[in-house]
2 protein chains.
Amino acid sequence: MADSPIPVSSDKSGTSSPAPAVTRAAAVLDALAASATGRLTLSDLSREVGIPKSSTSNLLLALEEARLVNRQGAEFTLGRKLVELGAAYLGRMDEVQEFYRYCEQASVLSRETVRIAMLDGTNVIYLARYEGHPAVRLTSNIGDKMPVSLCAVGKALIARLNVHDIEEMFPDDAELPVLTPKSLRTGGELKAQLREIREQGFAFEDEESTTGVVCLAVAVPTRGAHGPSLGLSVTALKATYTPEQGSQIVKELQELAHSLGNPMG
Amino acid sequence: MADSPIPVSSDKSGTSSPAPAVTRAAAVLDALAASATGRLTLSDLSREVGIPKSSTSNLLLALEEARLVNRQGAEFTLGRKLVELGAAYLGRMDEVQEFYRYCEQASVLSRETVRIAMLDGTNVIYLARYEGHPAVRLTSNIGDKMPVSLCAVGKALIARLNVHDIEEMFPDDAELPVLTPKSLRTGGELKAQLREIREQGFAFEDEESTTGVVCLAVAVPTRGAHGPSLGLSVTALKATYTPEQGSQIVKELQELAHSLGNPMG
DNA sequence: GGATAACGTTCAGTTGACTGAACACCAGCG
DNA sequence: CGCTGGTGTTCAGTCAACTGAACGTTATCC
């Protein structure tokens, strides 16, 4: 109702935020997170984010006071407060706690590498990881982002969206990011798979993000109206993977998904 | 040097930050992280942080745009971007990666519950946890904070500070937070233990934070000049703990600490 | 060495963000 | 029904934050 139907011109310089300083401070944090080394100087940041040095300096002073950035000599890095805040976010998610509890007690999953992830635009963010067999550690850290088209859990989450949104995100000729020879290449290919996924109720990834690795995933029924879109996945080595194992895993993943989607049920 | 020893009078209006909007936005995030449920309304936040509703509304709009907070109807929660940023912080810490690698290969530690933590004022923040025996899961989540006086790793880290700073933080008659009957009560008691810790080179905690649980910890030599102050700890059940086991653990912890403090060495 | 470049910091002028009171809205209650 | 206590939103005036060109300082180079 309060939405202005006017297409706010967000081009040029007029982002028209109600608190530009905050928006720009967030951009500074993003720039630090996105940078290769995580260490940037004031001038770097000023150039990267596109705001004057003097303003950047003021922002950094405030951010430093809040422990959101650290300064080490002339270089700035992300601050420790972010660990606290990120942890507070995850700690509030009952789903993560329940995820751990379930995995530990499950008969099949307790011996696998299981992850819970969240949809964020055209990426998924990994929220937590359960390691059933400490021997094989496939590096993927909590908080990592991954394009949806490259992982089973991404496809499982996208498959639930309504067709119009999917079409908007992935036109038939859209070029998708590629990590291995088996990665999907176009929006058309992706959408064909999404149909399969909707039919069979789970998603499969066959060496599309990492050669030698396969992945199974399901979506968690969304709890409440505005909750995040969560998915679960199991990663396994292709060399040792068997379809029988796969169907057992899918069965337990769906059980866990159901339990996460219907708490106390 | 940037530490202001001056008790900044946050009263009235003169916080004198170079970018007040950022400072206040950070306070909003803190309030959300500190709240019991993690869900606060605009009015709650306005009252909590002590700024007018209209200003709070503007801040929240900007924070929401940056994904730093989520709005669910009338309630606000921390945003998913914080998970990304927190993870980016941890991902940049070589120490955390090396910590995992070492624990997996270690002969004693690989079967224990090991943590790496960081000193932050008079608290420690847990950065990562290695679980050697999945059976016993003592709940302590990444990002949690704990007063230094209540855990071995906190005492190990504090013990390294110079005497003047310690005296300032913990006067003899300072009252310390208490969690169990064995928790240290006063600054004097704490400082007596710190002397022991400096002599023997590691810290011990005997059911001071959790009854039935003991803890061993060492400090990591600070890499470079401005790096964070890191510590390592092993948690064990008092019922099964033996001094022999303890000395083996301390030996490996010190090895790991040395390796973390002297990379490529 | 001297010159150049890049860094972070300073400062006064001006633009734009913050305020506080009034508004519109909903739920509970006598 | 009309009131009360609560919510979040709007708006114009004022005060303060942002700017950009200047500075002082430190590294890099021939």
Side-chain angles (χ1 to χ4, degrees), chain A residues 1-6 8-29 31-32 35 37 39-66 68-77 225-226, chain B residues 1-2 4 8-28 31-32 35 37 39-66 68-77 225-226:
Chain A
M1 51 177 76
D3 277 350
S4 56
I6 307 158
V8 178
S9 64
S10 62
D11 55 6
K12 217 174 176 182
S13 61
T15 323
S16 75
S17 161
V22 174
T23 303
R24 304 207 285 192
V28 167
L29 294 178
L32 278 170
S35 77
T37 66
R39 308 173 158 278
L40 295 178
T41 75
L42 187 148
S43 306
D44 290 336
L45 284 167
S46 170
R47 242 179 286 107
E48 193 73 27
V49 183
I51 55 186
K53 278 195 295 185
S54 50
S55 311
T56 310
S57 175
N58 284 335
L59 289 177
L60 286 170
L61 248 46
L63 285 170
E64 189 188 4
E65 193 191 342
L68 293 172
V69 307
N70 259 331
R71 99 179 304 155
Q72 299 181 7
E75 291 181 322
F76 292 89
T77 59
H226 298 280
Chain B
M1 55 165 72
S4 57
V8 177
S9 63
S10 60
D11 55 7
K12 221 175 178 180
S13 60
T15 323
S16 76
S17 162
V22 175
T23 304
R24 304 207 284 191
V28 166
L32 278 170
S35 78
T37 66
R39 310 174 156 275
L40 294 178
T41 74
L42 186 149
S43 305
D44 289 336
L45 284 166
S46 170
R47 242 179 287 107
E48 192 74 27
V49 183
I51 55 186
K53 278 194 296 183
S54 50
S55 311
T56 309
S57 175
N58 285 335
L59 290 177
L60 286 170
L61 249 43
L63 286 170
E64 189 187 5
E65 193 191 342
L68 292 172
V69 306
N70 258 331
R71 99 177 305 154
Q72 299 179 8
E75 290 182 322
F76 292 88
T77 60
H226 298 278

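Letters A, B, ... mirror the listed sequences (proteins, then strands); counts begin at 1.
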- Note on the structure: A:Leu60 CG to D:dA17 P, in whole Å, measures 17 Å

- May I have the distance from A:Lys53 (atom NZ) to C:dT10 (atom C1'), rounded to whole angstrom? 12 Å

- Item | Straight-line distance of B:Lys53 NZ to B:Asp44 CG, nearest 0.5 Å | 11.0 Å

- Query: What is the distance, rounded to the nearest whole Å, between atom CG of B:Asp44 and atom P of D:dG8?
  - Reply: 8 Å

- With DNA chain C as reference, determine whether A:Phe76 or B:Leu59 sits nearer its 5' end, using the nearest nucleotide of each. A:Phe76

- For A:Leu42 and C:dT10, give me the distance from atom CG to atom P, rounded to whole Å. 12 Å

- Report the nucleotide, chosen from C:dG8, D:dT9, C:dG20, that has the shortest atom-to-atom distance to any side-chain atom of B:Pro52. C:dG20

- Atom CG of A:Leu61 and atom P of C:dT9 are separated, to the nearest Å, by 7 Å

- Mind calculating the distance between CG (B:Asn58) and C1' (D:dA17) to the nearest angstrom? 15 Å

- Query: Which nucleotide, C:dC18, D:dC18, D:dA17, lies nearest any side-chain atom of A:Ala21?
  - Reply: D:dC18

- Query: Roughly how far, to the nearest 0.5 Å, is the CG atom of A:Asn70 from the CG atom of A:Leu63?
  - Reply: 11.0 Å

- Rounded off to whole Å, could you give me the CD1-to-C1' distance for the A:Ile51 and D:dC18 pair? 10 Å

- Message: Does a side-chain N or O of B:Ser43 approach OP1 or OP2 of D:dG8 to a distance below 4.0 Å, or not?
- Response: yes

- Task: Name the closest nucleotide to the A:Thr41 side chain, picking from C:dG8, D:dC18, D:dT7.
- Result: C:dG8

- Note on the structure: Considering only heavy side-chain atoms of A:Ser54, the closest of C:dT10, D:dC18, C:dT9 is C:dT10

- Message: If I take atom OG1 from residue B:Thr56 and atom CD from residue B:Glu48, how far apart are they, to the nearest 0.5 angstrom?
- Response: 11.5 Å

- Roughly, in whole Å, what's the span from CD in B:Glu75 to P in D:dG8? 10 Å

- Item | Gap between atom CG of B:Leu68 and atom CG of B:Leu59 - 0.5 Å precision | 11.5 Å

- Task: Using atom types as modelled and distance alone, determine if a side-chain donor or acceptor of B:Ser46 lies under 3.5 Å from a backbone N or O of B:Ile51.
- Result: yes

- Name the residue closer to the 5' end of DNA chain D, choosing between A:Arg24 and B:Arg47 according to the nucleotide with the nearest heavy atom. B:Arg47

- Query: Looking only at N and O atoms, is any donor in the side chain of B:Ser57 or the base of D:dG8 less than 3.5 Å from an acceptor on the other one?
  - Reply: no

